[in-house]
Amino acid sequence: MNDPFFTLHADMPREGPGDRESLDWAMGVANLPRDAEILDAGCGPGADIEGLLAHAPHGHVTAVDLHPDFIGQVRARWGDDPRVTAEVADMRAPEGPFDLVWSAGALYFLGITEGLGHFRSRLAPGGAVAFSELVWLGEDRPAAAVALLAQEYPPMGDLATLQARIEASGYALCGVRVLSDAAWEAYYAPLEARIARLRPGGDAALARVLDEAETEAALWRAHRAAFGYALAVVRPK
Ligand SMILES: C[S@@+](CC[C@H](N)C(=O)[O-])C[C@H]1O[C@@H](n2cnc3c(N)ncnc32)[C@H](O)[C@@H]1O
């Protein structure tokens, strides 16, 4: 039987908010060598690999994710390119050293403190970690957003909390910005189009998955001023 999650998510361009414009900004802050070794930690379908290689054209990306379907998608796109290695693996497995650990919407699975603590020993001298993380953008915290996000991301704080966590983990913040609406649309627009296509005739298990994704997208559309994704570039102190 098909997993309803992958009925919805198979072959999506990306699995969380992000876009080339924000990646380019982060790469400008990270200032990588052109032959950089990069870890794409929790790469999903590999949406960011092209952008990462544009900044390190003679480098190499190790792309890891726990889901074989996503790694299959990465291999289908990059399998012939020696600059990319894709593995079904825990993001903590690759040993490096890496000039950059890139983790778009995935570091929270380890926790910021635990994740940054782990990657410190995987960084080359001068190496950086770039990651995106959900944050509150102000004091207005709508109940619907608190209910859903606090359930999924219990340690969610604001930008000041994020900076404090980064520094408490022994890193310095080199730059941080909040992802644009375009970066969210890059994730939600294709997902919403797929939901509309799958909705007629879906069974109960699929309907539950579609409902959850639709609720999450609607929450962002209704309350996008209250929360966002911060993209941070950090280096060990
Ligand atoms: C929100 S998605 C983001 C995917 C991708 N970075 C993107 O922006 O499209 C988070 C990804 O992290 C992966 N993931 C979660 N925990 C992981 C772990 N411990 N090791 C490797 N991948 C993990 C999930 O399978 C999922 O594909």
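What you see is a predicted model, and the numbers here were worked out from it, not measured in a lab. Here, residue 1 is the first one in the sequence, and each next residue gets the next number. Counting starts at 1 for both ligands and their atoms, in listed order.
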(request) Decide, yes or no, whether a salt bridge links D19 with R14 under the criterion of side-chain N to carboxylate O below 4.0 Å. (result) no
(request) Heavy-atom contacts with G105 under 4.0 Å: which atoms of ligand 1 show up? List them by number with element. (result) 1 (C), 10 (C)
(message) For the residue pair H223 / D140, report whether a side-chain donor-acceptor contact shorter than 3.5 Å exists.
(response) no
(request) Measure up the H67 and F70 rings against each other and bin them: parallel (under 30°), tilted (30 to 60°), perpendicular (over 60°). (result) perpendicular
(message) If the cut-off is 4.0 Å to any non-hydrogen atom of A89, which atoms of ligand 1 fall inside it?
(response) 20 (N), 21 (C)
(message) Quick test: of every protein heavy atom, which one is nearest to atom 8 (O) of ligand 1, and how far off is it to 0.1 Å?
(response) R14 NH2, 2.9 Å
(message) Considering both backbone and side-chain atoms of D90, is one of its nitrogen or oxygen atoms within less than 3.5 Å of a nitrogen or oxygen in ligand 1?
(response) yes
(request) Give the ring-plane orientation class for W184 versus W220, where under 30° counts as parallel, over 60° as perpendicular and anything between as tilted. (result) parallel
(request) Report yes if D40 has an N/O atom closer than 3.5 Å to an N/O atom of ligand 1; otherwise report no. (result) no
(message) I need the S169 OG to E114 CD distance, nearest 0.5 Å.
(response) 8.0 Å
(message) Can you confirm, on distance only, whether ligand 1 has an N/O atom lying under 3.5 Å from any N/O atom belonging to A104?
(response) yes
(request) Start with the C-alpha gap between E37 and R122, add the side-chain angles, then the distance that decides, and say whether salt bridge (Lys or Arg N to Asp or Glu O under 4.0 Å) holds. (result) CA-CA 11 Å; E37 275 295 333; R122 304 302 204 251; over 6 Å; no
(message) When you measure from the heavy atoms of A47 to every atom of ligand 1, does any distance fall below 4.0 Å?
(response) no
(message) Please list, in number order, the atoms of ligand 1 under 4.0 Å from a heavy atom of A106.
(response) 10 (C), 12 (O)
(message) Below 4.0 Å, non-hydrogen atoms only: which portion of C43 touches ligand 1? Side chain, backbone, both or neither.
(response) backbone
(message) Is there a polar contact between ligand 1 and D65, counting only N or O atoms under 3.5 Å apart?
(response) yes
(request) Measure the distance from atom 14 (N) of ligand 1 to every protein heavy atom, then report the residue, atom name and distance (to 0.1 Å) of the closest one. (result) F109 CD1, 4.1 Å
(request) Give a yes or no on whether the backbone of A47 and the side-chain of R77 come within a donor-acceptor separation of less than 3.5 Å. (result) no
(request) Mark up the atoms of ligand 1 that fall under 4.0 Å of a heavy atom belonging to F70, in ascending order. (result) 27 (O)
(request) Check D40, V88, V74, L39 against V64 for a side chain to side chain contact (heavy atoms under 4.5 Å, CB included) and give me the one that passes. (result) L39
(message) I need the nearest protein heavy-atom contact for atom 6 (N) of ligand 1: residue, atom name and distance, please.
(response) G42 O, 2.8 Å
(request) Compare H67, E15, M91, M12 and give the one whose heavy atom is closest to atom 7 (C) of ligand 1. (result) E15
(request) Give a yes or no on whether a salt bridge exists between R199 and D211, defined as a side-chain N under 4.0 angstrom from a carboxylate O. (result) yes
(request) Determine the minimum heavy-atom distance between R120 and P236, stating which atoms define it. (result) NH1-CB, 3.7 Å
(request) Look at atom 22 (N) of ligand 1 and say which protein heavy atom is nearest, naming residue and atom and giving the distance to 0.1 Å. (result) L66 N, 3.5 Å
